Amino acid sequence: MPLTHFQKKVYSLTKKIPKGKITTYAEIAKALGIRSAQAVGTALKRNPFAPGVPCHRVVRSDGRIGGYAGKMDNPKKAQLLREEGVGIKDGNVEDFEKKLKRLC
DNA sequence: CTCGTGACTTACG
DNA sequence: ACGTAAGCCACGA
């Protein structure tokens, strides 16, 4: 199944996130020139390259980890992030702004 | 084309 | 602080 142009751009940016760092849906959306982080979430949810594309490094802008594997606040996502050096406390990212990688 | 849904974000009460 | 509404845009029916 072919990927849409939109999805290619989302995955391309997501793959660039370094280990131990995270980014937000909004940052990706802005980098793509749209104002909808929701659309980014849609693309990552349909991620055909997992785990080639580290979609667990993409979190919400309020510090929550967001969803993973079709579920919200998935503990699996928190576990993966911890193993990469990103602390998670009750579904929230510790030092969220410090780990955040801006795409500008 | 329209409509509903969603791994989002911000504003309001 | 918390829940809800509205805005947002891709995708499938």
Side-chain angles (χ1 to χ4, degrees):
Chain A
M1 60 176 280
L3 297 176
T4 65
H5 183 42
F6 176 74
Q7 284 173 304
K8 286 182 182 176
K9 289 197 281 189
V10 173
Y11 303 142
S12 181
L13 286 174
T14 306
K15 276 189 288 191
K16 293 176 183 174
I17 305 173
K19 182 183 178 203
K21 292 280 188 178
I22 57 179
T23 193
T24 68
Y25 296 97
E27 282 292 320
I28 294 176
K30 278 195 248 181
L32 297 183
I34 65 177
R35 303 186 299 293
S36 175
Q38 185 81 73
V40 176
T42 299
L44 289 177
K45 172 179 163 191
R46 297 180 170 286
N47 178 7
F49 291 109
V53 175
C55 49
H56 57 276
R57 291 183 193 149
V58 183
V59 302
R60 302 184 6 169
S61 56
D62 61 357
R64 279 265 172 176
I65 64 174
Y68 189 70
K71 299 192 313 190
M72 300 299 290
D73 295 326
N74 194 323
K76 178 72 175 177
K77 182 166 180 176
Q79 185 184 322
L80 286 169
L81 289 171
R82 286 196 197 204
E83 292 177 14
E84 299 190 349
V86 180
I88 304 297
K89 172 69 174 176
D90 191 40
N92 292 288
V93 179
E94 294 180 347
D95 296 321
F96 166 64
E97 296 184 12
K98 293 183 184 178
K99 314 282 185 184
L100 185 60
K101 159 138 186 97
R102 300 198 204 301
L103 301 173
C104 49

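No experiment lies behind these values; they were computed from the predicted model shown. In what follows, chains carry the letters A, B, and so on, assigned in the order in which the sequence lines appear, proteins first and then strands, with residues in each chain numbered from 1.
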Return the value, rounded to whole Å, for the distance between atom [atom1] of [X] and atom [atom2] of [N].
| X | N | atom1 | atom2 | result |
| --- | --- | --- | --- | --- |
| A:Leu13 | B:dA7 | CG | P | 21 Å |
| A:Phe6 | C:dC9 | CZ | C1' | 7 Å |
| A:Lys30 | B:dT9 | NZ | C1' | 11 Å |
| A:Asn74 | B:dC8 | CG | C1' | 17 Å |
| A:Arg35 | C:dC8 | CZ | C1' | 7 Å |
| A:Asp62 | B:dA11 | CG | P | 13 Å |
| A:Glu27 | B:dT10 | CD | P | 11 Å |
| A:Met72 | B:dT5 | CE | P | 16 Å |

Criterion side chain to side chain contact (heavy atoms under 4.5 Å, CB included) against A:Ile65, the qualifying member of A:Ile88, A:Asn92, A:Leu80
A:Ile88

Tested for side chain to side chain contact (heavy atoms under 4.5 Å, CB included) against A:Val58, the lone hit among A:Val53, A:Ile22, A:Ile17 is A:Ile17

Under 4.0 angstrom between A:Gln38 side-chain N/O and B:dT5 OP1 or OP2
no

B:dC8 OP1/OP2 closer than 4.0 Å to side-chain N/O of A:Ser36:
no

Base, sugar-phosphate, or nothing for A:Tyr25, non-hydrogen atoms under 4.0 angstrom?
base

Reckon A:Thr42 touches a base, only the sugar-phosphate, or nothing at all at heavy-atom distances under 4.0 Å?
base

Pick the nucleotide of DNA chain C nearest each of A:Ile34 and A:Arg46; which residue has the one closer to the 5' end?
A:Ile34

Modelled atom types, side-chain donor and acceptor of A:Thr24 and A:Glu27, under 3.5 Å:
no

Keeping the roles fixed (side chain from A:Tyr11, backbone from A:Cys55), state whether a donor-acceptor pair exists under 3.5 Å.
no

